[in-house]
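These notes are about the structure you will find just below.
Each chain gets a letter, A, B and so on, in the order its sequence line appears, and its residues count up from 1.
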Amino acid sequence: MEKSYDIAKTEEGWYKIWVENNLFKADNKSKKPPFSMILPPPNVTGSLHMGHALTFTIPDIIIRRKKMEGYNTLWLPGVDHAGIATQMIVEKNLKKENNQSKEEIGRDNFLKIVWDWKDKSEKRILQQVEKLGLALDWSRMKFTLSKEMEDVVTKVFVDLYREKKIYRGTYMVNYCPSCKTVLSDLEVDHREVNGKLTYIKYPLKKDSTKNIIVATTRPETMLGDTAVAVNPDDERYSGLIGEEVLLPLAKRSIKIISDNEVSREFGTGAVKITPAHDPLDYSIALRHGLEHRVVIDQMGNMTGDIPEEYIGMNREECRKQLTEKLREKGLIEKEEEHIHNVGHCQRCETAVEPNISRQWFLKTAELAKPSIEVVEKKRIEFIPEKWEKVYFNWMNNIQDWCISRQLWWGHRIPAFYCRSCNEIIVQTSAPEKCTACGSTDIIQDPDVLDTWFSSALWPFSTLGWNSGSDDFKTFYPTSLMATGFDIIFFWVARMVMMGIHFGKDIPFSKVLINGLIRDEKGQKMSKTKNNVIDPLDIIEQHGTDALRFTLAIQAVPGMDISLSLSRIKGYKAFVNKIWNASRFVIMNLKGDESFDFDKNRITIADKWILHYLNMTIKETNTLMDNYRINEAADLLYHFFWHEYCDWYLEFSKNDINNRDSRSVLKYTLFRFMQLFHPFMPFITEEIYQKTGAEGKFLLNTEFPQFRSENVFTEEYLNIELVKKIITETRKTRTENKIDPGTKLNIFLKTGSEKEKEIFLRSEKYFNFLTKSSKTEIVPDFSSLPKGFRGVLSNWEILLPFENDEDREKELERLKKEFKKTDSMIISIESKLSNENFTKRAPEKIVNGFKKTLQESIDKKTKIEKTIKDLS
RNA sequence: AGGCGCGUAGCUCAGUUUGGUUAGAGUGUUACCUUGACAUGGUAGAAGUCGGCGGUUCGAGCCCGCCCGCGCCUACCA
C-alpha cells in the first residue's frame, strides 16, 4: 500500500463499478422493508454548489446505512426543467449569438433550441452530481418535462379543473416586467428600498383653493387614480367624504371615499387609490366598485388614457418628470426619505409591478386542511421539529396559487378556447371541435404552468402513479425528504397537498431540513462577494470523502454551516489517517486471520477494543436512528483516531504474532470501514477491497450492530486504568524534558493489590508506550534514588533524576499540582457536606463524587509526602 | 408589526431536547520528537466569568424571566 493516500486514484474508479454492479438499483418486487427517497431535482440550468453537496450528502449517508441494515432502498434521481431560469438563459444566448428574439423564430423552433440546450446542460449537472458518490438509482432517472411527467401533470390539471379546484380569473397578480410573466407570491422577494414619500396636493373640486394631501411612494401611479380614501373614523376628513377632487395633470375628478383599511397614522391619513397598480388599492376598489385604470403596461412603461407626454415612458422616468411638473405647479407639499418594502422578482431582481390580468389559479384552502392535519398528527415529521411552526404558519394563511406563467418552456396548460363561442375546454388532449358549438376554430392557452406545479407532483409522478406501477405500490409513500428550509413553502407544502390528494397518502413521512452553507465568516456565499466555495474544487483538491465528512460532522439538523477550508483540510488529514492506520493493519496481516477468533486466545487489549467498539456501534446506531448524523460522525472520528489509532494500534504492536489478535485487528478495521462507509464511501471501499472482500462490496455487508458476545466490561475498565498510568508516566517524562528516545528504568508504587495485578497483566503495553527498559513495582520509594514523580489516585511514578538540578523544578511542579488537587477536594467536599445534595441527588452521582474525592485525597497525601521527601 | 434562531477557546463551531463528577472538535498556538502505519504525523501542554442580570434547584452552558448584540423568515401601511 502506498505511504500516503492518493485521492484521485481511489475516488475515480469506484462509482462506475458500483453503478455497473447495480448496487443502487431498487427492486420493486423485494420482500424487504422499503426505504425510499426522491432526490430534490437540481435545476437543469444549474451547476453543483455547496447547497447541493449538503442536501445530497446527508440523505446519501442515511440511505447507504439503511441499505446495509437490510432495507430495500430506492433513491430516485431527476432533473428540473426550471421554467423561467432556463428560458431566460436560452433567450439570452439566442440574442447574443444570432441577435434573434424568441418571437422571431417562433415557439416551436425556440423550444427545439431549449431542448438541445437542456440535453447538454443536464449532462453537465449530472456529471457533477455523480462526483459526490451518491447511491442513486440511475435506471429510474426522471425529468420534470418528459412525456411521462407531462401525462401526469395534464391529468392532474384536468382532474383539479373538474373538481373546481383550478379556476381561471382576473385578479391582481405580481408581474415581472423583465421576465414578462406573472409570478406567484412566493416568487416575489420583499426588500427594503430607500425611497421617497411624496406628499401631493389634490385640489377640491368645489373649492380649488383647498386641497387634500395624499402621500405616495409612486407618484406616477396617480394617473391611474380613481379615488382618494380616508379612514371613516378620521375626524380630519369627516366633512370631505363624498366630495370630489381634481386629479392634477389628468383632467379628471375623483371621489373621496372612506375605508377601514386606511391607516390614520400613515402619511396624512389620506391615500390615493390606484386600483390597477396596487394590491391594497385593488381590494379597496373591489369593495367600492371603483373603476380600474391601467396606466403602466407589462413592460413597465406608461400607457392608457394619460397625458400624451408620458405615454411609452418608463415608470421610473415618469416618476421623476411627473414630480417635477407637480412641483412647478406648487402641488408638492413635501418629500420625505422613506424606507419601504418593495417586491422584487426572485429570478432577475426587477421590482415587480402589481398587475391585473387573467390567470389560472389553484384553490388551496381545501387541500391545505388535510395537509395540516397529517403534520399535527405526526404522520409527517419535520426534523428538527421547529420547522413545523413555519409550515403551519404558512398553511394556515395560505392564498390561492397563481399557476399560469407567460412562458414557453414548461408544461402547456391543457385549456382550449373556442374562438367562435368562447367556450373553455379543459381536457388531456386537444379537442377537434368545440364541445359547445362544434367550431374547429380552437386555440390552446399559450401559457405554461409554474415550474413548482410539476415539482409538487414529484414524489408520485416519478414512481409511475399514473400507470399504477409496482414502483408506486412498493415505494410510495416515500420515507424521507431531505431539503433546505428555503423551499418548505415552494415545494414541501405543495408536495404534501398534492400527495395526499392524488397519491391518496402522504408523500413522505419525514422531512429532514438542512441549513444554509455560509463561508467561514458566517456570510452567505454569493458571486458578488466572491466568497463562493465550489464543491468541485474541493473535491479535486481534498476529495469527496473529506468534503462529505466535513459536511456531515458540521450538519446540525436545521442549522446553517460555516464552511472553512481549514476544517476541510483537517478532515482530509483524517482520511489520510484512516489510510495509514489501515495500511498498518494490512501490512501486518498474514492471511490466516479469521473473524471467528478464539475468545480465550485474544489479549486484554483486544477485549478492551472489542468492548469499546461495541459500545460505540450502539451509540452510533442510536444517533443515526435519530438523524443526529453530525454527532455520529463526531463520535466515530474521535473513537477511530484517539482510541483505535492512538491506543489500540500501539497495543497491538506487541501482539502481532498472535493469530487471534491479528484477527481482532482485521475484524475491527472491517467494522470501521462499515461504520465509515456511509460517510466516506470511497476510501472505505478501497480499503475493504484490499483486505479481501471477495467480490462483495461494503454496501452489501450488514451494518454493525451491538453484539452481546463482545461485552468485556472488566477488561475495558482495566485497560482504561493502564491508559491513565501510561499517560501520567509520559507526562512526567515530557514535563521534565526527558529525551523521548531514552529508555528508562521506571519505578511504580500502588496501594491497591488488585490494581497491581491488573497492571502486571498489561505491563508489556506500559513498557512499550513509556519507553521503559525495566519497570519495578516497589512497596516504598524511600530506598530508591530521588527522581521525578508522577501521582495518580492509587499510583505513584518515579523516574530517577539524571542530575541534581532537576530537583527544584520537580518541587515546583509538585507544588502546583498540590494546589490544584487541593482546590478540587475543597469543592467536592463542600458538595458532599451538603445534606440536600446527598439526600436528593441520585446515588450514582453521589457515589461518583465520593470516589473522586477519595482519589483526590489519596493523591494529595502522596504529593505532600513526595514534596517532603524532595525538600 | 409578528415569528424563529444565534451569542461557548484567538478564529469557525458541537454539546442544551433528557440539568449531574475536571465543557468538547477543527484550526491556530507552546515545548519536545525525521521512533520501522501516518510530519496530512506523534507525545505532553496552554487557552473558556458557556452574551449580561435575576430566578427555580442540593446542583444550571442546559430549565424559567428580563435585558443587550446579531441574523433569518413571514406581512398589503400607501
Side-chain angles (χ1 to χ4, degrees), chain A residues 1 3-5 172 190 197 214-218 221 229 261-263 265-267 270-274 278-284 338 340-341 343 354 384-387 389-390 393-394 397 485-486 488-489 516 518-522 524 542 550 553-554 556 558-588 630-631 634 637-638 645-646 649 653 727 730-735 737-741 769 771 820 824 827-828 831 834-842 844-853:
Chain A
M1 256 172 103
K3 191 169 171 182
S4 94
Y5 176 56
M172 174 150 285
H190 292 272
L197 190 59
V214 296
T216 180
T217 54
R218 302 190 58 192
T221 61
E261 258 192 283
V262 179
S263 151
E265 287 74 35
F266 190 89
V271 57
K272 57 189 272 313
I273 301 296
T274 320
D278 183 273
L280 174 70
D281 296 5
Y282 178 76
S283 73
I284 291 176
H338 180 65
H340 61 137
N341 275 322
E385 206 178 0
K386 65 174 182 181
W387 294 106
K389 280 186 217 156
V390 176
N393 186 46
W394 191 73
N397 298 298
F485 63 83
D486 48 333
I488 290 179
F489 307 142
L516 219 62
R518 298 168 178 279
D519 74 1
E520 56 194 315
K521 294 190 189 82
K524 260 188 199 173
H542 308 290
T550 308
I553 206 163
Q554 292 213 80
V556 181
M559 294 285 291
D560 290 354
I561 292 176
S562 294
L563 195 68
S564 75
L565 206 57
S566 66
R567 208 137 179 194
I568 295 170
K569 284 180 186 163
Y571 295 114
K572 181 190 181 185
F574 180 56
V575 175
N576 188 57
K577 185 78 180 176
I578 293 177
W579 178 263
N580 279 298
S582 307
R583 181 165 168 258
F584 167 78
V585 173
I586 291 169
M587 270 169 42
N588 283 296
N630 63 310
E631 288 179 63
D634 194 62
Y637 172 90
H638 182 269
C645 294
D646 289 355
L649 293 188
K653 286 173 184 172
T727 303
R730 284 166 161 179
K731 193 170 131 190
T732 312
R733 282 189 72 128
T734 49
E735 271 183 353
K737 308 216 184 318
I738 297 172
D739 179 64
L769 292 175
K771 284 261 157 64
K820 209 165 132 192
M824 188 159 159
S827 109
I828 300 175
K831 205 167 246 184
N834 183 345
E835 268 195 26
N836 273 324
F837 169 66
T838 46
K839 266 191 213 154
R840 296 186 199 199
K844 198 177 128 197
I845 300 292
V846 177
N847 286 340
F849 274 108
K850 280 184 183 162
K851 198 176 148 217
T852 311
L853 178 66

Whole-Å distance separating the [atom1] atom of [X] from the [atom2] atom of [N]:
X: A:L565; N: B:rC13; atom1: CG; atom2: P; result: 15 Å
X: A:K572; N: B:rG41; atom1: NZ; atom2: P; result: 11 Å
X: A:N847; N: B:rG20; atom1: CG; atom2: P; result: 18 Å
X: A:R730; N: B:rG45; atom1: CZ; atom2: P; result: 10 Å
X: A:I561; N: B:rA14; atom1: CD1; atom2: C1'; result: 12 Å
X: A:L516; N: B:rG5; atom1: CG; atom2: P; result: 17 Å
X: A:D560; N: B:rC6; atom1: CG; atom2: C1'; result: 10 Å

What's the gap between [N] and [M] when it is taken at their [atom1] atoms, as a whole Å value?
N: B:rC4; M: B:rA44; atom1: P; value: 47 Å
N: B:rU16; M: B:rG5; atom1: P; value: 15 Å
N: B:rU30; M: B:rA46; atom1: P; value: 15 Å
N: B:rG71; M: B:rC32; atom1: C1'; value: 45 Å
N: B:rC76; M: B:rA14; atom1: C1'; value: 42 Å
N: B:rG2; M: B:rA23; atom1: C1'; value: 36 Å
N: B:rC50; M: B:rU74; atom1: P; value: 36 Å
N: B:rG48; M: B:rG28; atom1: C1'; value: 15 Å

pair [X]-[Y]: side-chain heavy atoms closer than 4.5 Å:
X: A:T217; Y: A:L197; result: yes
X: A:Y5; Y: A:R583; result: no
X: A:I578; Y: A:F574; result: yes
X: A:I738; Y: A:T732; result: no
X: A:F837; Y: A:I845; result: yes
X: A:V390; Y: A:F485; result: no
X: A:W394; Y: A:I488; result: no
X: A:T550; Y: A:I561; result: no

For nucleotides 15-18 of chain B, tabulate all protein N/O to nucleotide N/O atom pairs closer than 3.5 Å, reporting atom names and distance.
| unit_1 | atom_1 | unit_2 | atom_2 | d |
| --- | --- | --- | --- | --- |
| B:rU16 | OP1 | A:R628 | NH2 | 3.2 |
| B:rU17 | N3 | A:R628 | NH1 | 2.9 |
| B:rU17 | O4 | A:R628 | NH1 | 2.0 |
| B:rU17 | O4 | A:R628 | NH2 | 2.9 |

Taking A:R518 for its side chain and A:L563 for its backbone only, find out whether a donor-acceptor pair lies under 3.5 Å.
no
Applying a 4.0 Å non-hydrogen cut-off, can you work out what A:P842 is touching in the nucleic acid: base, sugar-phosphate, or nothing?
base
Would you mind classifying the nucleic acid contact of A:M1 as base, sugar-phosphate or nothing, using non-hydrogen atoms under 4.0 angstrom?
nothing
What pair of heavy atoms forms the shortest contact from [X] to [Y], and how long is it?
X: A:N630; Y: A:V556; answer: ND2-CG2, 3.5 Å
X: A:I284; Y: A:I273; answer: CD1-CD1, 4.0 Å
X: A:E261; Y: A:S283; answer: OE1-OG, 3.3 Å

Whichever of A:V575 and A:W387 has the more 5' nearest nucleotide on RNA chain B, that residue is A:W387
Which nucleotides of nucleotides 73-78 of chain B have their base under 4.0 Å from a protein heavy atom (B), which only their sugar-phosphate (S), and which neither (-), written as one string 5' to 3'?
-SBBBB
Spell out protein contact along nucleotides 31-37 of chain B as letters: B when the base is contacted, S when just the sugar-phosphate is, - when no protein heavy atom is under 4.0 Å; keep the 5' to 3' order.
-SS-B-B
Measure the [atom1]-[atom2] distance between [X] and [Y] for me, rounded to the nearest 0.5 Å.
X: A:I553; Y: A:Y637; atom1: CD1; atom2: OH; result: 7.0 Å
X: A:K3; Y: A:N580; atom1: NZ; atom2: CG; result: 8.5 Å
X: A:N847; Y: A:L853; atom1: CG; atom2: CG; result: 12.0 Å
X: A:N576; Y: A:H542; atom1: CG; atom2: NE2; result: 13.0 Å

Picking from B:rG71, B:rC13, B:rG5, which would you name as closest to the side chain of A:Q554?
B:rC13
Please write out the pairs of protein N or O atoms and N or O atoms of nucleotides 24-29 of chain B separated by less than 3.5 Å, giving the distance to one decimal.
| unit_1 | atom_1 | unit_2 | atom_2 | d |
| --- | --- | --- | --- | --- |
| B:rG26 | OP1 | A:Y637 | OH | 2.9 |

Does NZ in A:K851 sit with more than 12 non-hydrogen atoms of other residues, nucleotides or ligands closer than 6.0 Å?
no
Return the set of residues passing side-chain contact (heavy atoms from CB on, under 4.5 Å) with A:T216 (not counting sequence neighbours), or none when no residue passes.
A:I200, A:R218, A:P219, A:K272
Which dot-bracket string fits RNA chain B when only Watson-Crick or G-U wobble pairs with both atom distances under 3.5 Å count, crossing pairs get [ ], and | stands for a partner on a different strand?
(((((((..((((......[...)))).(((((.......))))).....(((((..]....))))))))))))....
